[in-house]
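Index from 1, following the sequence. Reckoned from all heavy atoms, side chains included, excluding hydrogens, waters and symmetry mates.
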Amino acid sequence: MNKRTVFLLIAIGVSTQVLAQDEWDALRYSRLTPGGTARTQSIGGAAGSLGGDISATHVNPAGLGFFKTSEVVITPGFYFNKIQTGYLGTGNDANRSGVTLGNAGIVFGLPAHNNGKWKNMAVALNYSRLADFNSTIKIQGVNSSSSITDRWAEDLNNGGQPVTGDQASNGFPTGASLGYRNYLVSLANDGNYHSYVPVDQGIYQQDMVEQSGAMNEFSIGLGGNYNDQLYIGAALNFPTIRYERNRTYAEDDNTDDTGNEFSFLEYKESLKTDAVGFNAKLGLIYSPMPALRIGLSYHTPSWYSMRDQSTANLQNDLEGFQPDPSNPIQYPVYIESGEVNDGFPLEYEYKLRTPSRALVSLSYIFGTNADVSKQHGFITADVEYVNYGGTKYNFSKGPNPQPALANSLNQVIRDTYQGAMNLRVGGELKFTVLAVRAGFSYYGSPYKQSDIDGSIKKISGGLGYRNKGFFADLTYIHTLAWNDTYQPYILRATNVQPASLETTGGNVVATIGFKF
């Protein structure tokens with residue numbers, strides 16, 4: 001059984017209000033592919049034991065202990081991605097591009113002024129992008145099995161206990177109530193709600209989902225250097241989420257029959273999510289010899305206060321169908337969710353806890369001179385473990401608490417997702433003031449289902465320049481094909497054919513920095 005169908009089976013039984021949150025949202029906010037400086041991104045993001053880069057604040061803050069001077073950096077970038085889809089035998093693709101800010105911050109190096117074993121400390125204030133949500137999905141195809149209106153009928157049938165007419169008209173302001181008021185779903189003589197879209201004749205479905213936003217994190221980090229062997233650090237972090245999804249879904253009669261009482265429907269929905277959160281990161285780096293560094297770090301769960309705001313509208317033409325001839329309808333008919341929800345968007349506030357993370361890292365430095373200007377390069381690797389099944393919703397707060405729904409959804413998350421290993425490796429060769437870098441990162445599949453390969457692979461490379469307190473880095477990161485699935489709607493009675501997704505893309509980032 002499809003994982004999203006499992007969620008619907010549970011959710012229908014405990015809620016008469018269909019909420020925006022689901023297990024895909026939980027994964028979106030738990031799966032991080034960190035940005036940071038161009039130098040860090042060029043080596044695959046492997047910043048767990050290397051140190052000396054402000055990106056360490058978000059990976060292993062012990063790396064701040066390597067700073068003996070101060071610096072300020074900024075990292076703008078440009079992204080582009082392409083999602084190829086296949087749905088009901090029809091292919092499509094969509095491209096998306098734009099600018100980003102991957103990193104901006106300042107580090108204050110504080111050298112010790114005595115001859116003790118504490119050599120120096122550093123304090124960092126840094127912003128970094130943790131995840132990017134910008135993408136566009138387009139699917140299309142002829143469906144002779146189901147319609148989105150079948151989903152609305154199932155919502156109103158409420159798992160075998162059909163809702164009242166008043167609930168049908170007002171209880172589902174961003175979905176089924178719109179279809180009910182516009183006569184696409186009606187109560188039949190058998191006491192159940194039914195869709196009247198003639199799917200057996202074939203309907204042409206189109207769906208476009210435009211997503212935007214990002215997860216960013218502001219950090220205050222502190223690192224210290226004990227005897228040039230042990231480096232310890234901690235960071236307080238304040239992540240934020242901004243996510244927006246705009247969707248246009250349409251169904252058109254795929255026949256020449258002008259008397260089947262269906263011409264088209266167009267459904268649009270908009271979701272905006274904003275969140276602020278908190279987490280802490282602890283780490284250490286041990287250097288048993290100048291050429292070798294071993295890093296350990298732990299990231300606590302992130303606790304978020306989430307706020308969703310959603311709206312929807314529906315327009316359709318039923319080719320002259322008149323339920324009450326004495327009060328004829330002029331088609332097409334149009335309705336907005338505000339007409340159902342007293343003129344307001346549907347809003348919901350809740351809590352989300354994303355998983356903790358544990359990381360082990362190893363770096364080897366070529367040229368063991370403590371003076372970094374005389375080092376020749378390095379290789380480094382991070383191994384990170386994340387239990388994606390540990391994400392948890394809490395719907396106990398707010399004017400409409402639904403702890404039963406949260407418990408059911410959290411169980412679905414545990415049943416759907418698993419722990420995964422993430423691997424990041426990279427290296428650098430240095431030539432006086434110039435450096436050449438390359439890296440690779442692999443993010444393991446979070447899905448328990450073996451037939452869903454949700455792994456992400458990235459390859460990267462870049463150049464760096466450092467001279468007289470000024471440095472500049474340029475990096476390209478390429479995302480290899482990432483396969484996943486998408487369903488335009490889900491049904492309790494039967495599985496809906498999912499669309500296949502194949503995502504590829506790239507990022508170009510540049511860091512400019514000054515030491516002082």
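- The environment of CZ in Phe344 is sparse: at most 12 heavy-atom neighbours from other residues, nucleotides or ligands sit within 6.0 Å.
- When the side chain to side chain contact (heavy atoms under 4.5 Å, CB included) test is applied to Met306, the partners found at least two apart in sequence or on another chain are Tyr29, Ile241, Thr273, Ala275, Tyr304, Tyr350, Leu352.
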Run the side chain to side chain donor-acceptor pair (under 3.5 Å) check on Glu244 and Asn246 step by step: do they pass?
CA-CA 7 Å; Glu244 184 171 350; Asn246 292 295; 3.2 Å; yes
Between Phe395 and Tyr393, is a ring pair (Phe, Tyr, Trp, His ring centres under 6.0 Å) present by the stated rule, with each step listed?
CA-CA 6 Å; Phe395 299 152; Tyr393 284 103; 5.5 Å; yes
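- The aromatic rings of Tyr183 and Phe321 sit perpendicular, their planes meeting at an angle over 60°, well past the 30° parallel limit.
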Criterion side chain to side chain donor-acceptor pair (under 3.5 Å) on Ser169 and Arg181, from CA distance to verdict:
CA-CA 6 Å; Ser169 183; Arg181 290 190 177 205; 3.1 Å; yes
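- Salt-bridge annotation for Glu384 and Arg357: present, with a side-chain N of the basic residue lying under 4.0 Å from a carboxylate O of the acidic one.
- A donor-acceptor contact closer than 3.5 angstrom is absent between the side chains of Tyr334 and Glu339.
- Of the inter-residue distances, the one linking Ile139 atom CD1 with Leu88 atom CG reads 7.5 Å to the nearest 0.5 angstrom.
- The minimum heavy-atom distance linking Ser30 with Thr391 is given by the pair OG-OG1, 2.7 Å.
- Using a 4.5 Å heavy-atom cutoff, the side chains of Trp303 and Lys392 are not in contact.
- The two residues Ser460 and Gly44 make their nearest non-hydrogen contact at OG-N, 3.5 Å.
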side-chain contact (heavy atoms from CB on, under 4.5 Å) evaluation trace for Tyr385 with Asn422:
CA-CA 6 Å; Tyr385 176 78; Asn422 301 328; over 6 Å; no
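- Looking at Asn279 and Pro239, their side chains come closer than 4.5 Å, going by heavy atoms from C-beta outward.
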Before you tell me yes or no, could you show the steps for Ser219 and Asn237 under side chain to side chain donor-acceptor pair (under 3.5 Å), namely the whole-Å CA-CA distance, both residues' side-chain angles and the distance that decides it to 0.1 Å?
CA-CA 4 Å; Ser219 296; Asn237 310 283; 2.4 Å; yes
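- Contact check on Glu210 versus Arg247 returns no salt bridge, with no Lys/Arg side-chain nitrogen under 4.0 Å from an Asp/Glu carboxylate oxygen.
- Here the rule is side chain to side chain contact (heavy atoms under 4.5 Å, CB included) with Tyr443, and of Arg424, Met421, Lys457 only Arg424 fits it.
- Salt bridge status for Glu347 with Arg307: present, with a side-chain N to carboxylate O gap under 4.0 Å.
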Would you check, one step at a time, whether the test side chain to side chain donor-acceptor pair (under 3.5 Å) holds for Thr37 with Asn103?
CA-CA 6 Å; Thr37 65; Asn103 154 265; 5.8 Å; no
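- Scanning both residues, Gly444 and Arg31, for their nearest heavy atoms gives O-NH2, 2.9 Å.
- Salt bridge annotation for Lys138-Asp207: absent, with no cationic side-chain nitrogen under 4.0 angstrom from a carboxylate oxygen.
- In terms of heavy-atom proximity, Asp253 sits nearest to Glu319 at OD2-OE2, 4.4 Å.
- Around NZ of Lys272, the count of heavy atoms belonging to other residues, nucleotides or ligands within 6.0 Å does not exceed 12.
- Partners of Tyr267 by ring pair (Phe, Tyr, Trp, His ring centres under 6.0 Å), not counting sequence neighbours, listed by chain and number: Trp152.
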